[in-house]
There are 2 protein chains.
Amino acid sequence: MDVRTQILDVATRRFAAQGYGGTSLSAIADEVGIRKASLLYHFPSKDELHRSVLDQVLSRWNEVLPRLLAAGSADRFDALLHETVRFFSEDPDRARLILRETLDNPVTMRERLLVAVAPWLQVIAGYVRRGQESGEVRADADPEAYLLHVIHLVVGGLAISDTLGIVLSPDGASSDIQRLTRELERIAKVSLFTDEGIERMNGRRAAAHAGSH
Amino acid sequence: MDVRTQILDVATRRFAAQGYGGTSLSAIADEVGIRKASLLYHFPSKDELHRSVLDQVLSRWNEVLPRLLAAGSADRFDALLHETVRFFSEDPDRARLILRETLDNPVTMRERLLVAVAPWLQVIAGYVRRGQESGEVRADADPEAYLLHVIHLVVGGLAISDTLGIVLSPDGASSDIQRLTRELERIAKVSLFTDEGIERMNGRRAAAHAGSH
DNA sequence: CCTACCGATCGGTAGG
DNA sequence: CCTACCGATCGGTAGG
């Protein structure tokens, strides 16, 4: 692995764990095994390094998302939710970085959200509204507000999942994360769909499975 | 207002906004209008000041919570949820401080949660289980995991509520926070109670209101 | 509550 | 990728 990638990896972990202000360039350089001055040859400033770390995380997500939206399967919501959970639980540092950035630089993050999140949020909200017309989605749900809460539930929840897990079993079993994510998906689904909608969704999935055998 | 209280107020706001590492003692002292050395007369170290800020926030919450649990009204859950939302939306810095502490010092926060949160979480989880037996609460809900998600939904959601709100309406209307909290309470309730449970709850509330007139 | 000062560490530069 | 070094700022102390 080349030095640049090593620096990005270490910096991602450190920024996620201790934040921008709590991480020094020397600490990153030490862990990589080079001098601070050498790090500043690859990234001209601490700010540039931080930007690169964020860009890397967000671009990975921008690769995954359009593929999910384009899939267009019958139970699109199910797949979208599950893949989002998988993406952030695969590496919780992604979630921690986004959460930290939202706390540290709310103004910058607001602009980024407006550009990167708002458009496809409107698209999914459109699906939700169509679901309300057909009776599959609860009539009293607020599509945009609901989606924002679910995104936050996933991103924020996985950012602090190990801390939440400890309350379930003080010895810290790894099964706690599973228990938390299963309940998270239950909350997200049951607060969106009507009983009729859930039945229809299960019916479609059973049909799809039967057809593929 | 005495100097000590002024220092605590300014420090609370700064720690919530920029975190521990991103806040300097000089910056706090400047805003209060004293010298850094004078600040260190009232609080012997930055760490002590930080501890005092956290203690102040958590002790306020420990005043409110037992009163809510002791109330023992029929729709206890409704009141508990609503008051928790009110407490943190009254001053979102409380939520930001707790969220930051969870990210910065997960080990310390885990111990604190085990001591301060786990006991009464078990109590409320007991209520939820009784609700499952009587059919008011959904049978497939995981009481402890559910409660942790709702706590996170409230605390984390209010910590970043202004950032989430901007996606709803780019000009940033204050009504967005209302829209978000209303949807938050809807998600929390509908994912916990069965339709029968909600009907019973509304019935009880109507009866209570009629009785009080 | 102040002035004056401390060593340590910060991000960053010069020059090789 | 290194050594050597910069000014600025950090948390904290001495002494009044």
Side-chain angles (χ1 to χ4, degrees), chain A residues 1-57 93 96-97 100-109, chain B residues 1-57 93 96-97 100-109:
Chain A
M1 188 166 32
D2 72 317
V3 197
R4 221 190 119 89
T5 314
Q6 274 188 69
I7 295 172
L8 276 175
D9 280 4
V10 173
T12 301
R13 194 157 11 93
R14 293 265 181 170
F15 284 145
Q18 292 121 28
Y20 183 83
T23 305
S24 73
L25 292 181
S26 326
I28 298 171
D30 280 359
E31 194 178 327
V32 174
I34 57 174
R35 294 289 177 183
K36 185 184 62 175
S38 315
L39 190 159
L40 285 163
Y41 164 77
H42 295 283
F43 298 90
S45 73
K46 190 185 182 183
D47 240 73
E48 274 298 323
L49 174 59
H50 184 238
R51 225 188 312 276
S52 299
V53 165
L54 276 175
D55 284 349
Q56 194 194 229
V57 166
D93 281 342
R96 287 186 200 113
L97 274 170
R100 277 196 185 279
E101 189 62 13
T102 309
L103 283 168
D104 290 343
N105 290 49
V107 179
T108 312
M109 205 57 184
Chain B
M1 188 165 33
D2 72 316
V3 197
R4 222 190 120 89
T5 313
Q6 274 189 68
I7 296 172
L8 276 174
D9 280 3
V10 173
T12 301
R13 193 157 11 94
R14 292 266 180 169
F15 284 146
Q18 292 120 28
Y20 183 82
T23 305
S24 74
L25 293 181
S26 325
I28 298 172
D30 280 359
E31 195 178 326
V32 174
I34 57 174
R35 294 289 177 183
K36 185 184 62 176
S38 313
L39 190 158
L40 285 163
Y41 163 76
H42 295 283
F43 298 90
S45 74
K46 191 185 182 182
D47 240 72
E48 274 298 322
L49 174 58
H50 185 237
R51 225 189 312 276
S52 299
V53 165
L54 276 175
D55 284 350
Q56 192 193 231
V57 166
D93 281 343
R96 285 184 202 116
L97 273 170
R100 276 197 185 279
E101 188 62 14
T102 308
L103 283 168
D104 290 343
N105 290 51
V107 179
T108 312
M109 206 56 184

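Here is how names work: the chains are called A, B, and so on, in the same order as the sequence lines, proteins then strands, and each is numbered from 1.
Rounded to whole Å, atom P of dG12(D) lies 10 Å from atom CD of E48(B). At whole-Å resolution of the value, CD1 in I7(B) and P in dG11(D) are 14 Å apart. Rounded to an integer number of Å, the gap from R35(B) CZ to dG15(D) C1' is 17 Å.
Applying the side-chain hydrogen bond (donor to acceptor under 3.5 Å, both in side chains) criterion to R4(A), with sequence neighbours excluded, gives no partner residue. D9(B) is linked by a salt bridge (charged side-chain N to carboxylate O under 4.0 Å, His left out) to nothing, counting only residues two or more places apart in sequence or in another chain. Qualifying side-chain hydrogen bond (donor to acceptor under 3.5 Å, both in side chains) partners for R35(B), counting only residues two or more places apart in sequence or in other chains: none. The salt bridge (charged side-chain N to carboxylate O under 4.0 Å, His left out) test applied to D30(B) returns no partner, not counting sequence neighbours. Evaluation of the salt bridge (charged side-chain N to carboxylate O under 4.0 Å, His left out) rule for R96(A) yields D93(A), D162(A) as partners, not counting sequence neighbours. Under the side chain to side chain contact (heavy atoms under 4.5 Å, CB included) criterion, A27(B) pairs with R14(B), S24(B), sequence neighbours left out. A search for side-chain hydrogen bond (donor to acceptor under 3.5 Å, both in side chains) contacts involving D104(A) returns R100(B), not counting sequence neighbours.
Across K36(A) and S26(A), no two heavy atoms sit closer than the pair CD-OG, 3.7 Å. Here the closest heavy-atom approach between residue Q6(B) and residue M1(B) is recorded as NE2-O, 3.5 Å. Of all heavy-atom pairs between I34(A) and V3(A), the closest is CD1-CG1, 4.3 Å.
Contacts between residues 37-45 of chain B and DNA chain D, defined by a heavy-atom separation below 4.0 Å, involve A37(B), L40(B), S45(B), listed by number. Near DNA chain C, meaning a heavy atom under 4.0 Å from it, residues 8-16 of chain A has no residue at all.
Sequence neighbours left out, the pairs with a member in residues 8-45 of chain B that pass ring pair (Phe, Tyr, Trp, His ring centres under 6.0 Å) are F15(B)-Y20(B), F15(B)-H50(B), Y20(B)-H50(B).
A side-chain contact (heavy atoms from CB on, under 4.5 Å) with L49(B) holds for exactly one of L54(B), I28(B), L40(B); it is I28(B).
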Requested in this report: Dot-bracket notation for DNA chain C is requested: 5' to 3', Watson-Crick or G-U wobble pairs only, both distances under 3.5 Å, with ( ), [ ], | and . as defined.
Outcome: ||||||||||||||||
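At a threshold of 4.5 Å between non-hydrogen side-chain atoms, the residues V53(A) and L97(A) count as touching.
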Every protein N/O lying under 3.5 Å from an N/O of nucleotides 8-10 of chain C:
| residue | atom | partner | partner atom | Å |
| --- | --- | --- | --- | --- |
| dC10(C) | OP1 | S24(A) | OG | 3.1 |

